[in-house]
Number of protein chains: 2
Amino acid sequence: MTTIMEVARAAGVSKSTVSRVLNGVPVSEEARRRVEAAIAALNFKPNAQARGLSLRRSHLIGVVVPEIARIFYGEVLEGIESALAETGFEMIVCSTRNRQGREWGLTKLLWSKRVDGLILVTPREFSPQALKSLKGEFPVVLVDGTSDSFSSISVDNFAGGFMATEHLLRLGHRRIGLILGPDTRESDQRLRGYKKALADYDCRFVPELIRSGDYLFDSGFTAMEELLALPERPTAVFAASDLMAIGALKAAEAHGIKVPEDLALVGFDDIEAARWTSPALTTIRQPLRQLGEIGGRTIVKAITKKNDPTKITLGCTLVVRESCGAFRRRMEGSRSGRSPDGNVEEGGGTGDIMM
Amino acid sequence: MTTIMEVARAAGVSKSTVSRVLNGVPVSEEARRRVEAAIAALNFKPNAQARGLSLRRSHLIGVVVPEIARIFYGEVLEGIESALAETGFEMIVCSTRNRQGREWGLTKLLWSKRVDGLILVTPREFSPQALKSLKGEFPVVLVDGTSDSFSSISVDNFAGGFMATEHLLRLGHRRIGLILGPDTRESDQRLRGYKKALADYDCRFVPELIRSGDYLFDSGFTAMEELLALPERPTAVFAASDLMAIGALKAAEAHGIKVPEDLALVGFDDIEAARWTSPALTTIRQPLRQLGEIGGRTIVKAITKKNDPTKITLGCTLVVRESCGAFRRRMEGSRSGRSPDGNVEEGGGTGDIMM
DNA sequence: ATACTTTTTGGAACCGTTCCCAAAATATCG
DNA sequence: CGATATTTTGGGAACGGTTCCAAAAAGTAT
């Protein structure tokens with residue numbers, strides 16, 4: 001592993017000069033040529049650790065997620081990675097593997113590793129005391145979460161909840177089940193959107209139609225079974241994740257209930273698998289990748305420019321596919337426009353009806 | 001950010017003594033107490049960069065994947081992360097975002113970041129010259145790939161191809177389509193397994209039944225359409241990824257062909273979504289998480305013990321669900337044992353028939 | 001040619017650790 | 001109790017860069 005000193009010797013200059021060449025500081029033409037030749041000849045790569053020690057900057061961003069092997073977080077991570085790749089920062093990924101409280105330990109760990117900043121992709125709230133000890137120490141960005149002390153990028157969950165519910169109301173449904181996620185601010189906002197839509201359409205709020213799960217398949221299945229077991233079952237269900245919606249779909253199928261004929265279904269997230277089901281899922285698209293990209297860009301900005309915390313909220317989109325029956329109505333008498341995944345093709349676009 | 005010197009001052013000892021306490025080197029009882037108290041009081045965390053500079057060890061492992069937002073790689077990454085978490089190493093994740101050739105640039109980048117080792121989760125082969133320049137420089141482990149120069153962890157693709165095909169042959173199919181992945185050694189081995197099974201069952205190999213895709217949904221859809229357009233269409237199809245199998249399922253559905261009644265289907269990987277389809281996918285399970293875990297453990301061993309490259313091959317398992325009809329035969333007359341995802345429950349196990 | 005300004009360069013201190021080595025403190029033994 | 005063996009400690013040189021500062025070199029004006 002060659003060092004800057006060896007390059008200096010080979011080029012017949014001092015290491016200061018090599019350093020200058022490396023950092024684009026003006027140097028005589030002659031020296032520059034010789035140094036560059038030596039760098040190439042020796043295949044020299046500056047030692048990022050030594051550099052970081054001197055500059056007190058590691059160019060490393062810590063990223064904490066609850067789980068890597070979940071497509072939701074995978075999309076966000078991909079977004080972060082692609083934003084960082086252009087800036088010379090790298091990301092250290094840590095997963096809490098859904099273990100309660102581990103985010104705090106990981107945060108401290110990454111902190112001691114001298115990451116330049118931290119992206120927390122975690123819906124769970126940090127304890128106030130934890131937050132306080134972080135505050136001011138180094139930049140933190142919350143992705144898919146909100147906080148008063150740090151920058152955060154989140155999605156307009158209220159609007160999402162509203163849109164999904166309104167879509168079902170417009171289709172004439174009055175008894176709409178809701179399968180929420182864990183008890184977080186996010187869920188609360190979606191619930192508020194749901195209630196607002198009901199109110200707007202003069203539809204009564206029925207508490208027994210509300211269930212909650214953990215965003216995963218099995219909990220959607222279970223919740224749907226409970227809803228179907230009600231004396232008067234819902235004619236439509238809005239699930240707060242596509243995974244739960246797919247579970248719900250499976251449950252309906254297991255009980256011989258046809259979607260969308262007997263039951264309309266809306267999901268949330270618009271993961272890829274939403275196109276794969278039969279019927280394909282109508283859902284609320286969250287811009288997951290964008291969430292990550294903006295998160296990445298925000299943390300870099302916070303590190304290099306030290307600007308104040310910002311709060312960004314992204315909109316979401318209703319993607320109409322087959323699981324509500326709305327699709328069929330539109331397409332009546334014409335099947336020619338169907339794409340492989342059962343979406344409606346409109347003018348060669350993405351193949352989804354967006355609202 | 002407190003340093004070791006400040007701790008030393010606060011404890012009234014030299015920085016050498018603090019360093020000794022930090023590294024578990026024997027020190028007088030009195031000194032240890034004082035140092036520990038000072039560390040706690042000042043909330044001191046050793047600077048990993050300075051430490052790495054001195055030790056020539058970063059405790060960072062570079063991981064290169066083609067894509068993070070694909071559940072296949074997500075599982076592998078989760079496995080790597082969990083193996084590393086126990087060892088004090090952290091992983092820097094880089095994605096080539098499927099761009100040809102980018103793995104080499106990333107490798108060099110990570111190398112210059114002084115990662116202690118590299119895990120390459122990439123099916124594509126590196127150029128021999130690239131490999132040579134890496135060889136001996138620092139430890140590299142290939143996950144889901146093989147190489148003569150480096151340690152590698154892979155799956156027995158030949159056996160996987162064989163098992164999938166044999167399963168279909170046993171069910172009486174003689175005209176079995178094959179949807180392969182991209183042209184890699186992996187695909188070649190699965191093809192060999194397929195051919196071997198055909199030969200074992202005295203079944204003729206028909207080249208026109210072989211298609212290939214990119215492991216993703218759309219390519220499975222397309223390939224299946226081609227197979228269905230054949231003058232004499234296959235009665236069964238083996239797709240080399242679950243994503244392609246799901247695409248194939250959708251294509252069959254679009255053409256009014258019922259699975260498994262009119263067509264049997266086997267996938268590969270056993271991603272979670274394989275349980276979600278209707279019918280649930282019979283598939284070959286790859287131990288993805290284990291692949292990552294062993295990869296992580298192997299690289300750490302290579303770094304700390306400097307032992308010779310090892311080559312590990314993991315077995316895969318046939319998971320029988322609904323898409324081949326084998327399930328129904330077994331379960332005739334009893335639906336009580338069904339789990340939410342349509343697997344067969346046998347003695348409270350994972351809910352799959354494994355072979 | 002001389003004095004002065006500007007550019008280019010090398011030397012040395014520093015970033016925060018580890019670790020070797022010699023000095024200091026303590027323990028062991030005759 | 002002094003001499004020696006052993007343990008514990010502190011000083012200082014790395015590790016490989018960056019950057020300040022002053023010296024050297026080059027350029028400009030008189």
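Lettering of chains follows the sequences in order, A, B, ..., and the numbering in each one begins at 1. All values below were derived from every heavy atom in this structure, side-chain atoms included, with hydrogens, water molecules and symmetry-related copies excluded.
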Just N and O in the side chain of [X]: are any of them under 4.0 Å from OP1 or OP2 of [N]?
| X | N | answer |
| --- | --- | --- |
| A:Ser16 | C:dG10 | no |
| A:Arg56 | C:dC15 | no |
| B:Asn23 | C:dT18 | yes |
| B:Ser28 | D:dT9 | yes |
| B:Thr17 | D:dG10 | yes |
| B:Ser14 | D:dG10 | yes |

Protein-nucleotide distance ([X], atom [atom1]; [N], atom [atom2]), rounded to Å:
| X | N | atom1 | atom2 | result |
| --- | --- | --- | --- | --- |
| B:Arg57 | D:dA14 | CZ | P | 22 Å |
| A:His59 | D:dT18 | NE2 | C1' | 13 Å |
| A:Arg32 | C:dT8 | CZ | C1' | 12 Å |
| A:Lys45 | D:dC15 | NZ | P | 21 Å |
| B:Leu55 | D:dG16 | CG | P | 12 Å |
| A:Met5 | D:dA14 | CE | C1' | 13 Å |
| A:Leu22 | C:dT9 | CG | P | 15 Å |
| B:Arg51 | C:dT17 | CZ | P | 9 Å |

Checking all strands, does [X] fall into the base, sugar-phosphate, or nothing category for heavy-atom contacts under 4.0 angstrom?
| X | value |
| --- | --- |
| A:Ser19 | base |
| B:Ala48 | nothing |
| A:Leu53 | base |

Looking at the base of D:dG17, is there any donor atom on it, or on the side chain of A:Ser54, that sits under 3.5 Å from an acceptor on the other one?
yes
Quick one: does A:Lys15 reach the base of C:dG10 with a side-chain donor-acceptor pair under 3.5 Å?
no
I need the single residue from A:Glu36, A:Glu30, A:Glu29 that forms a salt bridge (charged side-chain N to carboxylate O under 4.0 Å, His left out) with A:Arg33. Which is it?
A:Glu30
Intermediate values then yes/no, side-chain contact (heavy atoms from CB on, under 4.5 Å), A:Ile119 and A:Met91
CA-CA 9 Å; A:Ile119 298 182; A:Met91 67 173 185; over 6 Å; no
Closest to the side chain of B:Ile4, out of D:dG16, C:dT17, C:dC19, is C:dT17
Any luck finding a side-chain donor-acceptor pair between A:Asn23 and A:Arg51 under 3.5 Å?
yes
In terms of side-chain heavy atoms, does B:Glu78 have a donor or acceptor partner in A:Ser95 at a distance below 3.5 Å?
yes
Looking only at atom types and distance, does a side-chain atom of B:Thr298 sit under 3.5 Å from a main-chain N or O of B:Ile294, one as donor and one as acceptor?
yes
Identify the two heavy atoms, one from A:Leu60 and one from A:Phe89, that lie closest to each other, and give their separation to 0.1 Å.
N-CD2, 4.1 Å
Specify the residue among B:Arg20 and B:Thr2 whose closest nucleotide of DNA chain C lies further upstream toward the 5′ end.
B:Thr2
